[in-house]
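Comments concern the structure below.
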Amino acid sequence: MPELPEVETIKRELEPLITGQKIKECVVLRKDVIAFPSFQNFRRSLLNNKITNVKRIAKYLIIELDPDRSLIFHLRLSGALIVRPLNTGFERFTRLALKLDKCWLLFVEPRVLGRVYLLNSNDKPACLKGFYRLSPEPLSRAFSKRYFQNQIKKRKAIIKAILLNQDICAGVGNIYSDEALFRAGIRPTRRANNLTYDEIEKLRIALRSVLRDGIKHLGTSVSDYRRTDGKKGNFQKMLFAYGREGEPCRRCGSEIQLKKIGNRGTRYCPRCQK
DNA sequence: ATGACGTCCTGCCTGC
DNA sequence: TGCAGGCAGGACGTCA
């Protein structure tokens, strides 16, 4: 599923491919993915807009346009943004297709949970409220030792849930939260306010390193995640916890456990993670 | 304000 | 072989 490293990879690959092109046609194959505005307005506003920039905030991919608008994608579990030559057809599960000057940009989303938003500069739709209260980026300077300790110490929820909270750790999802907890040697069921200051700092460092490694290896392809050319990432080969339930821990050999925590599958090593 | 949990959505996997 | 049922999970809404 596209988390921060996957969306960052898509952003880096997409930017040189589409920047400077105009949107010539907009084909909506599934209206559900258009979250804002209404789908008629969405189409009308997009036509002949020029792509000026591509950026990423947390798990959101943002295509900036001229006139001044933002086309925001959230890929959720299975979304992909695929670039294809003009003379090819749409692939299976294409929900939105944008015809640019030199290529198609396809929003492919098998599970139809992903969403697209087109915002004029004054728009602040309720359906994007999470976007407006995202925490600092975990790889930024603002995600400091002090910031993280303050956030963790005042919470008594389970640490795994805290890592998934976008108001605290923007861009982190199920894969990288499990991997960060493994690297930090912390049991995902621990209560946040019971972590020591040393453990919290260890976790912050682990979170940053695992996200950086994810980006370095072009993301994790465990199910649907694909890059703009349809190819997979490589980080799934380097996972220690996520998706390894029943297999031996790569550090100590104990069997990796799977536990449902807050309605989310969570993997951990019972020996390495205290 | 916080935390716990249900809901959305559909392809795919499992088991009968 | 075919079908039903369960599962996956990010964000949001609801409730205590």
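Chain letters run A, B, ... following the sequence lines, proteins first, then strands; residues in each count from 1.
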Using whole Å, report how far CD1 of Ile159(A) lies from C1' of dT2(B). 15 Å

Would you confirm whether the ring centroid of Tyr60(A) sits within less than 6.0 angstrom of the ring centroid of Phe73(A)? no

Residues in side-chain hydrogen bond (donor to acceptor under 3.5 Å, both in side chains) contact with Glu91(A), at least two apart in sequence or another chain: Arg84(A), Arg226(A)

Is the NZ or CZ atom of Lys160(A) positioned over Tyr268(A)'s six-membered ring, under 6.0 angstrom from the centre and within 45° of the axis? no

Does Glu64(A) come within less than 4.0 Å of Arg69(A), counting only side-chain N to carboxylate O? no

Under 4.0 angstrom, heavy atoms only, what part of the nucleic acid is Tyr242(A) near: base, sugar-phosphate, or nothing? sugar-phosphate

Outermost contacting nts on DNA chain C, any atom under 4.0 Å from chain A heavy atoms, listed 5' then 3', are dA8(C) to dG13(C)

Determine the contact category for Gly265(A): base if any of its heavy atoms lies under 4.0 Å from a base atom, sugar-phosphate if only primed atoms, P, OP1 or OP2 are that close, otherwise nothing. sugar-phosphate

If the sugar-phosphate is the primed atoms plus P, OP1 and OP2 and the base is the rest, what is the B/S/- string for nucleotides 4-14 of chain B, using protein heavy atoms under 4.0 Å? S--BBBBSS--

Regarding Tyr176(A) and Glu6(A), do their side chains bring together a donor and an acceptor under 3.5 Å, going by distance alone? yes

Which side-chain N or O atoms in residues 254-261 of chain A pair as donor and acceptor under 3.5 Å with protein atoms at least two apart or in another chain?
from: Ser254(A); atom 1: OG; to: Arg271(A); atom 2: NE; distance (Å): 3.3
from: Gln257(A); atom 1: NE2; to: Glu255(A); atom 2: O; distance (Å): 3.0

For Tyr225(A), enumerate each residue passing the side-chain hydrogen bond (donor to acceptor under 3.5 Å, both in side chains) test, keeping only those at least two apart in sequence or located in another chain. none

N/O donor-acceptor pairs under 3.5 Å from side chains in residues 110-117 of chain A, not counting sequence neighbours:
from: Arg111(A); atom 1: NH2; to: Asp224(A); atom 2: OD2; distance (Å): 3.4
from: Arg115(A); atom 1: NE; to: Asp32(A); atom 2: O; distance (Å): 3.3
from: Arg115(A); atom 1: NH1; to: Asp32(A); atom 2: O; distance (Å): 3.4
from: Arg115(A); atom 1: NH1; to: Val112(A); atom 2: O; distance (Å): 3.1

